[in-house]
**Student:** 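Questions regarding the structure given below will be posed in turn.
The residues of the chain are indexed from 1 along the displayed sequence.
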Amino acid sequence: MLHKLRKTLLTAALPPLAAAMLVGCSSGEDTPKKDTGDGRGGKTSSAPAKDASQPPLGKAAVKKALLRNGDVRGLDVEPVPGDEAAARLALAGPDAKPAVCTPLVHMAAHTSEPAPKSRGAITASSKDGLVTSISLMGHESGDAARVIDDVRTAVKKCGDGFRDDVGKYENVVALPDPEQGDEGVSYRMKGTMDGELMPLTFTVVRSGSTLAVFFGTNLVDQEKTAPDPEVIRAQLAKLPD
């Protein structure tokens, strides 16, 4: 009941960009790494990089790779039904204004340009108020790296905010890049709804030709919206080699 209430409240309270994804939860706030000045934050992972030219994951592989209940202690995981996911994708709609900010709309809608060849999403929730949507997107050779570049460019150029057809977003701030995966980008922004600002935190990670998107907000403590690094590690660990 509490989880359903959180999802209902969040869908009603967030602006359309944020509602374009289904929410879930992880626990804990990301601990920032030392910033290098370019938003990359000093990645130190020693894990071997996966080949960005590998073929995209198929639909069955994406479904199998998504986190399930029991994979991370304390998380209540629910799949996103296909029809519900399609409705969220429809909200990705026209370009943002300015158009360079459109990748930020896409990340919340579980999509990208170029479009993924496969896609799956879950919601996960805990009792601390942090809600996180997690999606996996399988891409053709090189496309996943291109999407990361486009998102990073959007973060750099959209600091003053942007609009889409139904919402306004501001205070886009680059965060240190995630430690996990082959490369990634993290950022925070605020969406305006009924005159109130709702903080939103994204972590987008590329592992080979697969993109994993983690989007967090918090109905209890708006200062703690970063996806839990342990949840990110657990999700990436389930991707096939």
**Student:** Considering only NZ, NE, NH1 and NH2 on the basic side and carboxylate oxygens on the acidic side, decide whether D143 and K117 come within less than 4.0 Å.
**Tutor:**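 So D143 does not pair with K117 through a salt bridge.
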**Student:** Does E140 use its side chain to pair, donor to acceptor, with the backbone of P56 at less than 3.5 Å?
**Tutor:**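 No; judged by distance alone, with no hydrogens or angles, the pair does not exist.
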**Student:** To the nearest 0.5 Å, tell me how far Q222 CD sits from L197 CG.
**Tutor:**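 Reported value, rounded in 0.5 Å steps: 8.5 Å.
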**Student:** How long is the straight-line distance from NE2 of H110 back to CD1 of I134, given to the nearest 0.5 Å?
**Tutor:**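 These two atoms lie 9.5 Å from each other.
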**Student:** Report the distance from atom OG1 of T111 to atom NE2 of H106, rounding to the nearest 0.5 Å.
**Tutor:**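 It comes to 6.0 Å.
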**Student:** Any side-chain heavy-atom pair from V231 and L67 closer than 4.5 angstrom?
**Tutor:**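 With C-beta onward as the side chain, the pair touches.
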**Student:** Look only at the side chain of Q235 and the backbone of A65, and say whether a donor-acceptor pair between them is shorter than 3.5 Å.
**Tutor:**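 It does hold such a pair.
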**Student:** Please name the pair of heavy atoms, one in A96 and one in T102, separated by the smallest distance, quoted to 0.1 Å.
**Tutor:**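 Shortest heavy-atom contact: N-OG1, 2.9 Å.
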**Student:** With a 4.5 Å heavy-atom cut-off, do M189 and N171 have their side chains touching?
**Tutor:**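 Not in contact.
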**Student:** Looking only at heavy atoms, which two atoms of P176 and S186 are closest? And how far apart?
**Tutor:**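 Looks like O-CB, 3.6 Å.
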**Student:** Walk me through it: do H139 and S112 pass the test side-chain hydrogen bond (donor to acceptor under 3.5 Å, both in side chains)?
**Tutor:** CA-CA 10 Å; H139 279 275; S112 62; 3.2 Å; yes
**Student:** Out of L136, I148, V151, which residue meets the side chain to side chain contact (heavy atoms under 4.5 Å, CB included) rule with L211?
**Tutor:**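 Exactly one option meets the side chain to side chain contact (heavy atoms under 4.5 Å, CB included) with L211, and it is I148.
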**Student:** Quick one: list whatever passes ring pair (Phe, Tyr, Trp, His ring centres under 6.0 Å) with Y187, sequence neighbours left out.
**Tutor:**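 Partners of Y187 under the ring pair (Phe, Tyr, Trp, His ring centres under 6.0 Å) test: F202.
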**Student:** Any side-chain heavy atom of P103 sitting closer than 4.5 Å to one from E113?
**Tutor:**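 No, their side chains stay 4.5 Å or more apart.
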**Student:** I'd like to know whether NZ of K238 has more than 12 heavy-atom contacts from other residues, nucleotides or ligands below 6.0 angstrom.
**Tutor:**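 Enclosed.
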**Student:** With a 4.5 Å cut-off on side-chain heavy atoms, are T203 and I232 touching?
**Tutor:**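 A side-chain contact under 4.5 Å exists here.
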**Student:** At their closest point, which heavy atom of R206 faces which heavy atom of A145, and how far apart are they?
**Tutor:**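 What the structure gives for the nearest pair is CD-N, 3.5 Å.
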**Student:** Nearest 0.5 angstrom please: T123 OG1 to D76 CG, how far?
**Tutor:**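 Going from the OG1 atom of T123 to the CG atom of D76 covers 7.5 Å.
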**Student:** Determine the minimum heavy-atom distance between V100 and C158, stating which atoms define it.
**Tutor:**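 Scanning both residues completely, I find the closest heavy atoms to be CG1-SG, 3.9 Å.
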**Student:** Report yes or no: does S118 contribute a side-chain atom to a donor-acceptor pair with the main-chain N or O of L57 at less than 3.5 Å?
**Tutor:**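 The answer is yes, because a donor-acceptor pair under 3.5 Å joins these two groups.
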**Student:** Counting C-beta onward and ignoring hydrogens, is there a side-chain heavy-atom pair between M137 and V213 closer than 4.5 Å?
**Tutor:**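 Yes, side chains in contact.
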**Student:** Let's go through T201 and L175 carefully: what are the C-alpha distance in whole Å and the side-chain angles of both, what is the deciding distance for side chain to side chain contact (heavy atoms under 4.5 Å, CB included) to 0.1 Å, and is it a yes or a no?
**Tutor:** CA-CA 9 Å; T201 301; L175 300 175; 3.9 Å; yes
**Student:** Answer yes or no: is there a donor N or O on one side and an acceptor on the other, between the side chain of R188 and the main chain of K190, under 3.5 Å?
**Tutor:**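 No, the answer is negative, given that no donor and acceptor are paired below the 3.5 Å cut-off.
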**Student:** T225 and T217: side-chain donor and acceptor closer than 3.5 Å?
**Tutor:**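 Absent: no donor and acceptor within the cut-off.
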**Student:** With a 4.5 Å heavy-atom cut-off, do R152 and K156 have their side chains touching?
**Tutor:**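 R152 reaches K156 side chain to side chain.
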**Student:** Roughly how far, to the nearest 0.5 Å, is the CG atom of L104 from the CZ atom of F162?
**Tutor:**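 F162 atom CZ to L104 atom CG measures 4.5 Å (nearest 0.5 Å).
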**Student:** For the residue pair L236 and S207, what are the closest heavy atoms and their distance?
**Tutor:**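 Closest heavy-atom pair between L236 and S207: CD2-CB, 4.4 Å.
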**Student:** For residues V205 and G181, report the shortest heavy-atom separation together with the two atoms involved.
**Tutor:**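 Taking every non-hydrogen atom into account, CG1-CA, 3.7 Å.
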**Student:** Could you state the interatomic distance from CD (E78) to OG (S125), rounded to the nearest 0.5 Å?
**Tutor:**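 Rounded to the nearest 0.5 Å, the CD-OG separation comes out at 6.0 Å.
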**Student:** Measure the shortest side-chain to side-chain distance between F214 and D228 over non-hydrogen atoms and say whether it is less than 4.5 angstrom.
**Tutor:**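 No; the side chains remain at least 4.5 Å from each other.
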